[in-house]
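Note on naming: letters A, B, ... go to the chains in the order of the sequence lines (proteins, then strands), and numbering restarts at 1 for each one. The figures that follow rest on heavy atoms only: side chains count, while hydrogens, waters and symmetry mates do not.
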2 protein chains.
Amino acid sequence: MSEGRAIPEATVARLAVYLRVLGSLSDGGLSTISSEALANAAGVNSAKLRKDLSYLGSFGTRGVGYVVQVLREQISTCLGVTEHRSVVLVGVGNLGHALAGYAGFGSRGFRIAGLFDADPRRIGEGISGLTVQGMDELAAVVAQEAVSIGVIATPADAAQEVCDRLVAAGVTSILNFAPAVLSVSDNVDVRKVDLAVELQILSFHEQRKAAGLKAVL
Amino acid sequence: MSEGRAIPEATVARLAVYLRVLGSLSDGGLSTISSEALANAAGVNSAKLRKDLSYLGSFGTRGVGYVVQVLREQISTCLGVTEHRSVVLVGVGNLGHALAGYAGFGSRGFRIAGLFDADPRRIGEGISGLTVQGMDELAAVVAQEAVSIGVIATPADAAQEVCDRLVAAGVTSILNFAPAVLSVSDNVDVRKVDLAVELQILSFHEQRKAAGLKAVL
DNA sequence: TAGATTGTTAATCGATTAACAATC
DNA sequence: TAGATTGTTAATCGATTAACAATC
């Protein structure tokens, strides 16, 4: 039981996309779908989709396709969406506000257990039904609400300290929106979302396109 | 000239990180650095770092390391940071506000050429020194300001239409923050940043950790 | 020369893809 | 049975890593 048949990282990311696409499809009343159709909707090719699903088991029907509901349940279970998780969000600047107001949390099994900020002027502020707390409260909330995920939306220079405090409080996964490289012990997972890096990757490709154009002319 | 010696996608993403790390290092007055030290600061191993840099050429000194300034210039040139690029941002909700206020744009060679929203009540609103415009103005601004990159920060159901209008206006790269899969012609680059997907990946790993813990006990 | 560190090779690892036998 | 589509295999491709010769 609880087999360690490792699912590739890239597959996990795509499963989350499939899950969302399946959500809108079943809202649209569709009850069954082929790998080809789902792959198109998700923007991948069908071989990759079938390979991805094969890591979860085999619950399609040859000649027919997949039952949308079954697929949703299998993927949800695999990703752990069924177990609700509490997250804390540190830093309630512009980005923190946007994240706190993000509607997708609840429907995907996440619950914001607390908002925190180091700036005393922000403490007590109400955002999306929650009240901003000071960093002193962080450890207690993480412990009481069994929080396992921390989201960092502070400026870069505060990120490492916030990270350390989150880890000390017991958080084991961190989603980092601050433009800083965090160092953590390797039992803690960190994922980073970096606007500047995304833009620079696009910029790089723009440049290549321009160079290609020149080469052609 | 303008050689097509392809730089791997993964390398491009890391180069952007190295560039930022080098920025803070040279602010700190450091003038020379070894691959080992830079790799540590960037959170990768030194072999990977050297391999990444080798795609740009070889401008380190054996036995010594790299001159920080030289490295910054080489990476900047490669990524196209030296040529300034104009971007437009569509959707000025919470997230749009956060993005519009993001300080890192200018220092990285990007300039916001316009903010747009479909909601007539938002038109005329001032954000970070810019005025929100209606979608009718989009095409003209893209053309006049030679905008090549569009950022989508709308709700999911508006994303595809906004995308189509951006592409029609002449944008060739899109950064999509809306939780929707965009379909575009393949001369247009799309990168997607998805909060829900990031959280679900973390959630998946949390689950694995919990299962591993149980297995050990 | 001795010590340090780069740049590159070759081995390994992981992910993608096409193709097709299995089977509804 | 004939047509459709899955699940899986094997080939390919790309990225990571360790190791070390080159060289400062």
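The separation between Leu56(B) atom CG and dG7(C) atom P is 10 Å, rounded to whole Å. Across the protein-nucleic acid pair, Arg62(B) atom CZ and dT5(C) atom C1' stand 9 Å apart, rounded to whole Å. Note: OH (Tyr66(A)) to P (dA4(D)) measures 18 Å, nearest angstrom. One interatomic measurement links the two molecules: CD of Gln74(B) to C1' of dG7(C), which rounds to 15 Å at whole-angstrom precision. Distance, Arg50(B) CZ to dT8(C) C1': 10 Å, rounded to whole Å.
Under 3.5 Å, the side chains of His205(A) and Glu9(B) contain a donor-acceptor pair of N or O atoms.
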Review item, side-chain donor-acceptor pairs of residues 58-70 of chain A, under 3.5 Å, at least two apart:
none

Name the atoms and distances for all side-chain donor-acceptor pairs under 3.5 Å in residues 88-101 of chain B, with sequence neighbours left out.
residue, atom, partner, partner atom, Å
His97(B), ND1, Val92(B), O, 3.0
His97(B), ND1, Gly93(B), O, 3.0
His97(B), NE2, Glu125(B), OE2, 3.1

For residues 36-45 of chain B, which side-chain N or O atoms pair as donor and acceptor with protein atoms under 3.5 Å away, sequence neighbours left out?
residue, atom, partner, partner atom, Å
Glu36(B), OE1, Ser46(B), OG, 3.3
Asn45(B), OD1, Ala47(B), N, 3.1
Asn45(B), OD1, Lys48(B), N, 2.9

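Residues satisfying the side chain to side chain donor-acceptor pair (under 3.5 Å) criterion with Tyr102(B), sequence neighbours excluded, are absent altogether. Applying the salt bridge (charged side-chain N to carboxylate O under 4.0 Å, His left out) test to Arg14(A) and every residue at least two apart in sequence or in another chain returns Asp52(A). Residues passing the side chain to side chain donor-acceptor pair (under 3.5 Å) test with Arg111(B), sequence neighbours excluded: Ser86(B), Glu145(B). Partners of Ser31(A) by side chain to side chain donor-acceptor pair (under 3.5 Å), not counting sequence neighbours: none found.
For residues 159-181 of chain A, the set of pairs meeting the side chain to side chain donor-acceptor pair (under 3.5 Å) definition, not counting sequence neighbours, comprises Gln160(A)-Asp164(A), Thr172(A)-Glu206(B), Ser173(A)-Glu206(B).
Counting only distance, with no hydrogens or angles, the side chain of Gln207(A) and the backbone of Cys78(B) share a donor-acceptor pair below 3.5 Å.
Note: Gln74(B) CD to Leu19(B) CG = 12.0 Å, rounded to the nearest 0.5 Å.
The stretch residues 34-44 of chain B touches DNA chain C through Ser34(B), Ser35(B), each having a heavy atom within less than 4.0 Å of the strand. Near-neighbour residues of DNA chain D inside residues 25-33 of chain B, defined by a heavy atom below 4.0 Å, are absent.
Of the residues near DNA chain C, Thr61(A) and Gly63(B), the one whose nearest nucleotide (by heavy atom distance) lies more toward the 5' end is Gly63(B).
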Item checked: Step-by-step side chain to side chain contact (heavy atoms under 4.5 Å, CB included) determination, Lys192(B) to Phe177(B) -> CA-CA 6 Å; Lys192(B) 191 170 150 202; Phe177(B) 286 91; over 6 Å; no
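Overall bending of the helix from dG3(C)-dC24(D) to dC24(C)-dG3(D), expressed as the angle between end axes built from five pairs apiece, is 10° (10° steps).
Nearest approach of Ser203(A) to Arg85(B), heavy atoms of both residues: OG-NE, 2.9 Å.
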Protein-nucleic acid N or O pairs under 3.5 Å, nucleotides 14-16 of chain D:
residue, atom, partner, partner atom, Å
dT16(D), OP1, Arg14(B), NH1, 2.9
dT16(D), OP2, Arg14(B), NH2, 2.8

